[in-house]
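Below, read A as the first sequence line, B as the second, and so on, with proteins coming before strands; counting in each chain starts at 1. Any value given below was found using the heavy atoms of this structure, including those in side chains, with hydrogens, waters and symmetry copies removed.
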Protein chains: 2
Amino acid sequence: MKGKKEVTIYDIAKKLSLATSTISRGLKEHPTISKKTVEKIKKTAAEMGYRPNNLAASLRGNKMKTIGVLLPTITQPFLSSLISGIEEVAQKAGYTVLIMQSHDSYKEEVELTQSLYDNRVSGVICSLAMETKNTDHFKRFIENDTALVFVDRVPKSFDTYHVVIDNFAAGYKATKHLISQGCKRIAHITAGNEFSIYYERKQGYLAALEEHNLTIDDELIVRVDRITYKEARKATLKLLELQKPPDGIFAPGDILGVSAIQVAEQQGVKVPEKLAIIGFNNDPISSIIDPNLSTVSHPAFKMGQTSAEIIFNRLRNTKNKSDIVKQIAFLNTEILVRESSKKS
Amino acid sequence: MKGKKEVTIYDIAKKLSLATSTISRGLKEHPTISKKTVEKIKKTAAEMGYRPNNLAASLRGNKMKTIGVLLPTITQPFLSSLISGIEEVAQKAGYTVLIMQSHDSYKEEVELTQSLYDNRVSGVICSLAMETKNTDHFKRFIENDTALVFVDRVPKSFDTYHVVIDNFAAGYKATKHLISQGCKRIAHITAGNEFSIYYERKQGYLAALEEHNLTIDDELIVRVDRITYKEARKATLKLLELQKPPDGIFAPGDILGVSAIQVAEQQGVKVPEKLAIIGFNNDPISSIIDPNLSTVSHPAFKMGQTSAEIIFNRLRNTKNKSDIVKQIAFLNTEILVRESSKKS
DNA sequence: TTGTATGCGTTATCAG
DNA sequence: CTGATAACGCATACAA
């Protein structure tokens, strides 16, 4: 009933009348093994259909050659690109990628964190769930010498590696762009708690308004519970129904921005003439929708690569691991001006 | 310099003056251990910060509680939904998900297959790379008793579980829909080799034409090398520039369909009046683009769930593993009629 | 109900 | 350059 028994280095050893240790070393081209022997071992191994057992190998070092990736969701262009970036770097390094979705739930995040730990991954790359405020569940990784990198949605007060964009600056730039197009009443859609990227973006938005002496009107700032088309639709509608509707919207996500465009058109509000809109992320839809959505480029793939590279650097230098307690990599963002915000 | 040493069942045993085997059993609530002892063990384990080592546990059974997922890419709505479905089921079953991207390359697929094997995953869910014709690299899983399920892009001649939609029927239905809207010259965009889902869809398209006595015009069938907006644009342009351009396009993917809509509009060809278009997959963009793209629903999430369920069923019933050599689950598809194809 | 002993496949250490 | 052996952490067969 069982499948064929596995070929182990022991089998190879027996066949070649060598010690298992020699086989083990030969397979890894250890310098102390003669060329000839190495070749012989490799040849025989291939013939016998030998395949290493990463499990057994990892048991000694107590770590799998695996990077755990913990994200809110993966069905989002930005995040799947991020994974792609991680994957590319990991694959080259001979590591595999374990992916988990927190669905923006704190509870799930905590559980998955444990699962990752139980699997003894070498490193963890995480973007926090929207709900998450306390990040104590990550401490175990530090104590255990597991490389830890937070990306995009990072905790405020956790000393480790962060890969982010400057959300404040991006929000500021986006808002300023709308102002430069002549907008006077700029609305904003926000989400999450005070630890979230959306909070930062909002701060940037507020700063830009202040700098240009535009009054900050609370009714122009609406909140969504989740980033969905439906929620965004409601939010936009609310804005358009105001006594004094906005002439610009800074939507901190393209889903929100696209929704805004659609609702506006449905309501007969011309974009960008009557209402300029800028989104965030540069999702594929942003350049498909008509009018094209201006947006802020978010280097997702690059962020993934960078995160993974940090992990591997950290893994390589076992020495100075405790030297750096915190390091933040800021990646560049750019305002992509497209049709939805071109008034001038 | 090292992190704290790990707490093992041995440490717990020492602390409680019990045998490691008792601890091991107590942790899993083995019936032969007294309630009291179980509780005591669990409490102490928690206090000491014990976390199981899946590596060690798996080494005995020679399999990790992990499902390997091998896909062409993950940055595609259809595939990331599929993963989501797999993830959900796996998470409930206490399994983790290892994800790899073949980037539609045969070579990468073979390598990743090995990597999956080396990690001793319990099951593999795979959607084949576009390039792949030979699937011998999957045989090892069968021999090794690793549950194997192919999903969506499945091999022609491999006896194992398949989870698919009826691509022929879907292609037939989509084409028939266009015919019912009065189209006489229906174009088609195709891709991949004769083992691909696109081939099946094309066959369905051809069958529908034949059934309705529409002449099959080779110049109406164009081929793209990869499913990208750019490629699709070129293909559509080619069609529109024909002496006798088509009055309908069956695009076997929403990316292709969306591109077709855009190119048509740019060229001043009214959709659907002059050109009816239907896509495939029901990607998010299909209902965002204006006019909305008619499409064929592809139950991605469901396919993921089904694939995972098959894996776990198979894993549970170790007995009759060789009884079923091949089993195909066909999931339902539906024509979603939207603006882009509504002539009548 | 609990304890003892052993093995899973590999690698590191220490000998030769 | 190669060999013997212990160890990684856990789970099981067999004893008690």
Inset, instruction - Decide yes or no on side chain to side chain donor-acceptor pair (under 3.5 Å) for T75(A) and S81(B), but give the supporting numbers first. - result: CA-CA 6 Å; T75(A) 59; S81(B) 293; 5.8 Å; no
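- Taking the six-membered ring for Trp and the full ring otherwise, the centers of F150(B) and F158(B) sit less than 6.0 Å from each other.
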Show me, pair by pair, the donor-acceptor contacts under 3.5 angstrom made by side chains of residues 303-312 of chain B, not counting sequence neighbours?
unit_1	atom_1	unit_2	atom_2	d
Q305(B)	NE2	E88(B)	OE1	3.1
T306(B)	OG1	K302(B)	O	2.7
S307(B)	OG	M303(B)	O	2.7

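- When the P atom of dA11(D) is taken as reference, atom OH of Y10(B) falls 17 Å away, rounded to whole Å.
- Looking at the side chain of A19(A), the nearest of the listed nucleotides dG3(D), dA11(D), dT2(D) is dG3(D).
- A centroid separation of less than 6.0 Å is found between the aromatic rings of H137(A) and Y106(A).
- Separating the CD1 atom of I12(B) from the P atom of dG9(D) is a distance of 13 Å, rounded to the nearest angstrom.
- Distance CE (M64(A)) to P (dC8(D)): 19 Å, rounded to an integer number of Å.
- Closest-nucleotide positions on DNA chain C for R120(B) and V38(B) were compared, and the one nearer the 5' end corresponds to V38(B).
- With no hydrogens or angles considered, a side-chain donor-acceptor pair links E108(A) and Q91(B) at under 3.5 Å.
- In this structure, E29(B) pairs ionically with K42(B), as a charged nitrogen and a carboxylate oxygen lie closer than 4.0 Å.
- Contacts between residues 49-61 of chain A and DNA chain D, defined by a heavy-atom separation below 4.0 Å, involve L59(A), R60(A), listed by number.
- Applying the ring pair (Phe, Tyr, Trp, His ring centres under 6.0 Å) test to H30(B) and every residue at least two apart in sequence or in another chain returns nothing.
- Partners of T135(A) under the side-chain hydrogen bond (donor to acceptor under 3.5 Å, both in side chains) rule, at least two apart in sequence or in another chain, do not exist in this structure.
- Per the geometry, NE2 belonging to H30(B) stands 11 Å off P belonging to dT1(C), to the nearest Å.
- What separates CD1 of I41(B) from P of dC10(D) is a distance of 13 Å, to the nearest Å.
- End-to-end axis angle for the helix from dT1(C)-dA16(D) to dG16(C)-dC1(D), using five pairs per end and rounding to 10°, comes out at 40°.
- Using a cutoff of 4.0 Å between basic side-chain nitrogens and carboxylate oxygens, K139(B) and E143(B) are not scored as salt-bridged.
- Between T22(A) and dG3(D), a side-chain N or O to OP1/OP2 separation shorter than 4.0 Å is present.
- Under the side chain to side chain contact (heavy atoms under 4.5 Å, CB included) test applied with L79(A), the options I74(A), V69(A), T73(A) reduce to a single match, T73(A).
- Using a 4.0 Å heavy-atom criterion, one finds that L18(B) contacts the sugar-phosphate atoms exclusively.
- Phosphate contact (OP1/OP2 of dC8(C), side-chain N/O of T8(A), threshold under 4.0 Å): absent.
- Ion pair R140(A)/D118(A) not flagged as a salt bridge, since none of the NZ, NE, NH1 or NH2 atoms sits closer than 4.0 Å to an Asp/Glu carboxylate oxygen.
- Nucleotides of DNA chain D nearest to T20(A) and T20(B) differ in position, and the one nearer the 5' end is that of T20(A).
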Using nucleotides 13-16 of chain C, report all nitrogen or oxygen pairs with the protein that are shorter than 3.5 Å.
unit_1	atom_1	unit_2	atom_2	d
dT13(C)	O4	R25(A)	NH1	3.3

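- Between D11(A) atom CG and dC8(C) atom P there is a gap of 11 Å when expressed in whole angstrom units.
- One finds a salt bridge joining K43(B) and E47(B) here, because a Lys/Arg side-chain nitrogen approaches an Asp/Glu carboxylate oxygen to under 4.0 Å.
- Note: CD1 (I33(A)) to P (dT2(D)) measures 5 Å, nearest angstrom.
- Across all strands, S24(B) comes closer than 4.0 Å to base atoms (heavy-atom distances).
- Going from atom CG of L27(A) over to atom P of dT2(D) covers 14 Å, rounded to whole Å.
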